[in-house]
Enquirer: 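Please read through the structure below; I'll follow up with questions.
Worth knowing before you read on, the calculation uses all heavy atoms, side chains too, and leaves out hydrogens, waters and symmetry mates. So you know, we letter chains A, B, ... as the sequences are listed, proteins then strands, and number each from 1.
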Amino acid sequence: MYRNLKFALNSAWQSFWRNLAVSLAAVLSITLILILGGVNLLVGHAFSQVLDGFREKVSVISINVADDTPLQSVYSLQDQLKVDPRVAGVRFITKEQALDAFRHDPNNAVLAAQLDGNPLDAKIEVRVRNLSDVASIDTLARQWSGVDPTNPTNYQGDFVNRMLQLSQWLGYAGAGLLVILVIVSVVIVMNTIRTAVYHRRKEIEVMKLVGATEWFVRGPFVIEGVMTGLIAASIALLLLVIAYPPAVQQFKNDIAFIPLSYDPAFLSSLARDLLLGGALMGAVGSYIGVRRYVRI
Amino acid sequence: MVLTPDFDSRPVISFQHVWKTYPTGTEALRDINLVVPEGDFLFLVGPSGAGKSTLVRLLIREEKPTKGKIFVDGVEIGRMKRRKLPYYRRKIGLVFQDFKLLPNLTVYENVAFAMRVLGEPDRLVQARAAEALDTVGLAGKELTYPSNLSGGEQQRVAIARALVHAPRMIIADEPTGNLDPATAWEIMQLFLRINARGATVVMATHNREIVDLLRRRVVAIDAGQIARDDRSGRYHDDVSKSQVRAQ
């Protein structure tokens with residue numbers, strides 16, 4: 001086993017260098033594809049960061065309480081919501097607390113100075129577990145007798161729905177792009193290895209005639225594919241790591257209202273994905289590329 | 001009729017009513033019955049396209065018979081599973097007309113290659129390769145590349161590679177086809193020595209002189225059928241020779 005592995009490793013290494021032009025072409029092509037894949041992952045991550053921020057905001061729905069609603073009715077709704085599986089948390093804010101918060105918000109400084117009395121409603125703030133449940137909680141609130149009929153909740157149905165749709169479509173688009181990139185990579189590796197195999201068909205023929213097993217013949221090519229994938233993934237990763245912080249900074253400078261931030265923790269998962277992806281694509285591409293010639 | 005030589009040794013190869021038809025419809029072999037005892041030296045002769053190479057390919061299981069059975073060492077190779085084929089081929093030493101040497105490997109590496117494929121330890125590979133090269137008279141040429149050798153020397157390397165894992169059977173397809181008569185004769189001496197050590201040798205050849213000189217078993221194939229099986233034969237039988245003379 002060890003001897004066969006040593007042979008396969010030596011053979012793969014020699015083949016990589018012997019067919020250097022073809023090997024480098026494959027490394028370059030896969031690097032470009034992995035960069036695209038990595039950018040796709042980074043953009044996906046950035047979007048999910050931004051979406052998380054929005055989600056955080058819109059997953060809290062405020063139910064405005066009419067001034068004449070008895071406190072008992074408020075507590076009753078609060079208790080009902082607390083046991084609701086869709087709800088993550090409930091908080092009651094009195095009129096006074098609402099006014100206090102309003103006054104403390106520097107954006108409202110001018111308006112607060114002109115306020116006479118307390119025009120604000122008391123509120124029940126409900127945090128939902130899933131964004132898709134906000135609509136049903138809104139419906140429930142509107143049916144409650146104690147809700148302020150002129151301004152029942154702060155729910156903006158269209159916005160939430162659009163955001164949900166957007167995040168869903170972005171997810172599909174990202175996954176679709178990744179699938180295309182993976183297929184292209186596999187085809188590139190497959191053709192590269194097929195070229196290498198074609199150069200070495202005589203050697204393979206001799207191997208088979210002297211009694212080499214299919215895996216003994218296939219092993220070096222699969223290892224060569226993995227090597228190609230790993231080298232390409234390392235180069236792609238290095239370039240992405242260098243380019244990521246300035247790209248985020250540039251984005252923040254240009255579009256300040258989108259809360260995007262540099263996330264170094266994501267780089268470790270990006271490294272894992274690219275290296276694993278590169279190795280796997282190399283292995284699969286080689287396996288398919290060599291199959292026709294290796295069959296005994 | 002099954003042509004069974006009256007030998008005492010146990011049969012190593014047995015063809016039983018073997019037919020081979022290629023997908024193109026070409027009938028390469030028709031109802032071949034042949035028994036080769038252990039230690040036999042057998043020449044397969046016949047005109048080009050008669051079916052000699054097909055018979056060799058069936059024997060090394062590059063092809064499967066369309067009908068009939070082929071037994072080697074008691075195992076029916078036509079029904080052998082693909083994953084068992086490498087282990088079967090390790091029992092055979094193969095020599096071809098075009099040598100099938102790897103040009104980027106040295107003489108030693110070419111011979112050692114057959115052992116490396118088997119995953120043998122380095123020390124054994126070195127000892128066996130040196131021994132095989134010594135047997136074929138190429139000791140001292142270990143580091144030479146095939147392109148720097150004569151045709152005869154290249155065929156010697158191929159024979160050393162066929163011998164290195166000590167097979168009990170050597171199958172050679174026109175091994176002297178690319179060699180001048182003197183070199184061909186030297187190569188035949190090697191095969192005779194290998195046979196004398198106990199290995200069974202099956203050789204497809206067009207070399208009339210060698211077949212006639214050695215007077216070993218001759219199986220003549222014509223139009224896909226066994227036309228003749230002589231225990232101590234010549235390239236042409238006496239009848240066909242007289243026909244040739246008459247013409």
Enquirer: With a cut-off of 6.0 Å (strictly less than), are more than 12 heavy atoms of other residues, nucleotides or ligands near CZ of B/Arg79?
Expert: no
Enquirer: Check whether more than 12 heavy atoms from other residues, nucleotides or ligands sit under 6.0 Å from atom OH of A/Tyr198, and answer yes or no.
Expert: no
Enquirer: Residues in salt bridge (Lys or Arg N to Asp or Glu O under 4.0 Å) with B/Glu62, at least two apart?
Expert: none
Enquirer: Kindly check if the number of other-residue, nucleotide or ligand heavy atoms within 6.0 Å of CZ (B/Arg57) is above 12?
Expert: yes
Enquirer: Which region of B/Tyr88, side chain (C-beta onward) or backbone (N, CA, C, O), has a non-hydrogen atom less than 4.5 Å from a non-hydrogen atom of chain A, or is it both or neither?
Expert: neither
Enquirer: Got more than 12 heavy atoms from elsewhere within 6.0 Å of NZ, A/Lys202?
Expert: yes
Enquirer: Let's test your reading of the structure: which of B/Lys91, B/His165, B/Arg83, B/Arg90 forms the most heavy-atom pairs below 4.5 Å with chain A?
Expert: B/Arg90
Enquirer: Examine whether an atom of B/Leu101 lies under 4.5 Å from a heavy atom of chain A, and if so say whether it belongs to the side chain, the backbone or both; otherwise answer neither.
Expert: backbone
Enquirer: As an exercise, state the distance from NZ of A/Lys208 to CG of B/Leu85, rounded to the nearest 0.5 Å.
Expert: 10.5 Å
Enquirer: Would you please go through residues 106-117 of chain B and name the residues with a non-hydrogen atom below 4.5 Å from one of chain A, in numerical order?
Expert: B/Phe113, B/Ala114, B/Arg116, B/Val117
Enquirer: What is the minimum heavy-atom distance between A/Val206 and B/Arg161, and which atoms define it?
Expert: CG1-NH1, 3.5 Å
